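In the text below, chain A, chain B and the rest are named by the order of the sequence lines, each starting its count at 1. Computed from a predicted model, the values in this text were never measured in an experiment.
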Amino acid sequence: MSDMVEVKNTTHDEHAHSDTVRVPFIGEITVVGGIYTVIFGVLGVLTLIEVIVAELLKEFHDGPVYIVRTVILFSVSLIKAGLVVWFYMHLKQDNPIFRLILIVPAIIVTISIIYLLGVPLGAGGGYR
Amino acid sequence: MAEISMHGHASDQKVKAHNENLKLAFWLYLGSEVVLFAMMIAGYIIFRFNEPEAVRNLHSSVGIALVTANTFILLASSYAMVMALRAITMGNRQQFLMWMGGVVVMGIIFMIGQWIEYRELAHLAITLSADATTNETFGGLGMRFYAPTFFHGAHVFVGVLFGLQVMYLGWKGYYDNNPIGVELFGLYWHFVDVVWIMLFTLIYLV
């Protein structure tokens with residue numbers, strides 16, 4: 001009897017092998033690749049939405065429409081990045097410490113950007 | 001018999017712990033990459049706020065058709081990557097090689113797209129050394145644009161080489177019992193995809 005160990009992926013869990021997946025508002029669907037194919041479809045649709053929003057509102061360079069456009073684009077972008085990290089990089093199942101490794105530097109950089117945007121470009125400019 | 005079973009269980013635990021350590025180390029590496037990319041993105045954002053006209057000129061001169069196509073290619077390569085991992089964990093080496101081949105080919109297509117885009121930008125005199133005195137239309141956009149996008153492109157290039165190595169090892173049967181190497185490459189490739197998702201919105205759409 002062999003004691004050879006077969007270690008299948010520890011986070012790529014069993015449901016990832018299933019072609020049947022429960023989708024919110026739609027119910028249970030069966031598609032080759034299961035959850036991964038569904039996420040790919042969602043990423044494609046979100047990218048299309050981003051491009052359409054950006055193109056339709058590209059003439060607005062300031063004012064409330066520009067702000068709304070920017071908020072929509074960044075929100076969609078963050079959702080897309082979140083889906084890849086959560087499902088494709090398996091943060092959903094992995095050790096929560098991995099989330100911190102990703103989030104902490106991102107928060108520090110966000111704070112730095114906000115601070116740097118207030119630093120005057122030239123002498124005598126003062127802080128905004 | 002019970003001894004053999006216990007020995008097997010202990011080895012199983014040992015390999016699992018080893019895999020977890022490898023993943024922690026890889027995530028720490030990705031954490032350092034977050035900082036590097038974030039600094040370049042920060043530089044671009046500050047330029048974007050202070051020189052909105054230069055970015056507006058870029059958008060109206062170049063358009064987004066090519067870069068949108070490139071974005072879809074990178075998203076599709078991420079899908080191929082996760083399907084390759086799925087295939088190898090299900091013990092299907094043929095499908096694994098097919099999906100991994102897709103990852104590598106799409107990575108190469110992305111780089112070709114980026115090269116075409118850079119040529120277009122060079123014709124517009126958007127260069128690393130240009131500033132407001134040498135290029136009135138785009139000012140110092142070149143450095144802020146090329147730093148994050150080229151650094152990302154370099155990651156795609158390394159990813160293609162890394163992917164070829166994973167394919168070779170997979171073909172040799174190296175991952176049949178423990179596909180951790182494929183999972184680590186997957187983390188790298190998806191991270192490159194996530195960075196591009198952010199860069200695409202920040203540089204080309206906003």
- Message: Parallel, tilted or perpendicular: which one describes the rings of A/Phe40 and B/Tyr79, with boundaries at 30° and 60°?
- Response: parallel
- Note on the structure: Highest number of heavy-atom pairs under 4.5 Å with chain B among A/Ala106, A/Ser77, A/Ser112 belongs to A/Ser77
- Message: Is A/Tyr66 close to chain B through its backbone or its side chain, or both, or neither, when contacts mean heavy atoms under 4.5 Å?
- Response: side chain
- Query: What distance separates B/Leu74 CG from A/Thr47 OG1, expressed to the nearest 0.5 Å?
  - Reply: 10.5 Å
- Query: Using non-hydrogen atoms only, which part of A/Ile72 is less than 4.5 Å away from chain B: side chain, backbone, both, or neither?
  - Reply: neither
- So which of B/Leu75, B/Val35, B/Leu30 has the biggest tally of heavy-atom pairs under 4.5 Å with chain A? B/Leu75
- Side chain, backbone, both or neither of B/Thr68 within contact of chain A (heavy atoms, under 4.5 Å): side chain
- Most contacts with chain B, counted as non-hydrogen pairs under 4.5 angstrom, among A/Ile101, A/Leu78, A/Leu57, A/Val109: A/Ile101
- Query: Which of residues 188-206 of chain B get closer than 4.5 angstrom to chain A, counting heavy atoms alone?
  - Reply: B/His190, B/Phe191, B/Asp193, B/Val194, B/Ile197, B/Met198, B/Phe200, B/Thr201, B/Leu202, B/Leu205, B/Val206
- Note on the structure: Here the gap from A/Leu43 atom CG to B/Thr71 atom OG1, rounded to the nearest 0.5 Å, amounts to 11.5 Å
- Counting only heavy atoms not in A/Phe60, do more than 12 fall under 6.0 Å of its CZ? no
- Would you mind reporting whether A/Tyr36 and B/Met83 have side-chain heavy atoms less than 4.5 Å apart? yes
- Query: Given side chains that start at C-beta, do those of B/Phe49 and A/Ile113 come closer than 4.5 Å, heavy atoms only?
  - Reply: no
- Task: Might you confirm whether atom CD1 of A/Ile97 has over 12 heavy atoms from other residues, nucleotides or ligands at distances under 6.0 Å?
- Result: no
- Message: Which atoms of A/Leu48 are under 4.5 Å from chain B, going by heavy atoms: the side chain, the backbone, both sets, or neither?
- Response: both
- Item | Shortest non-hydrogen contact between A/Pro105 and B/Gly31, atoms and distance | CG-O, 4.1 Å
- Looking at A/Val84, A/Val104, A/Thr70, A/Leu100, which one has more heavy-atom pairs under 4.5 Å with chain B than the rest? A/Val84
- Query: Of the listed residues (B/Ile41, B/Leu28, B/Val182), which shares the most heavy-atom pairs with chain A below a 4.5 Å separation?
  - Reply: B/Leu28
- Okay, A/Thr37 and chain B: the region with an atom under 4.5 Å from a heavy atom over there is both
- Query: Quick one: does A/Asn95's side chain get under 4.5 Å of B/Lys23's, heavy atoms only?
  - Reply: no
- Answer yes or no: are there more than 12 heavy-atom neighbours, outside B/Asn21 itself, under 6.0 Å from its atom CG? yes
- Note on the structure: Contacts of B/Lys14 meeting salt bridge (Lys or Arg N to Asp or Glu O under 4.0 Å) (sequence neighbours excluded), chain-then-number -> none
- Message: Are more than 12 heavy atoms, taken from residues, nucleotides or ligands other than B/Met39, located less than 6.0 Å from that residue's CE atom?
- Response: yes
- Residues that A/Glu28 engages under salt bridge (Lys or Arg N to Asp or Glu O under 4.0 Å), provided they are two or more places apart: A/Arg22
- Message: Taking 4.5 Å as the heavy-atom cut-off, does anything in residues 53-67 of chain B contact chain A, and if so which residues?
- Response: B/Arg56, B/Ile64
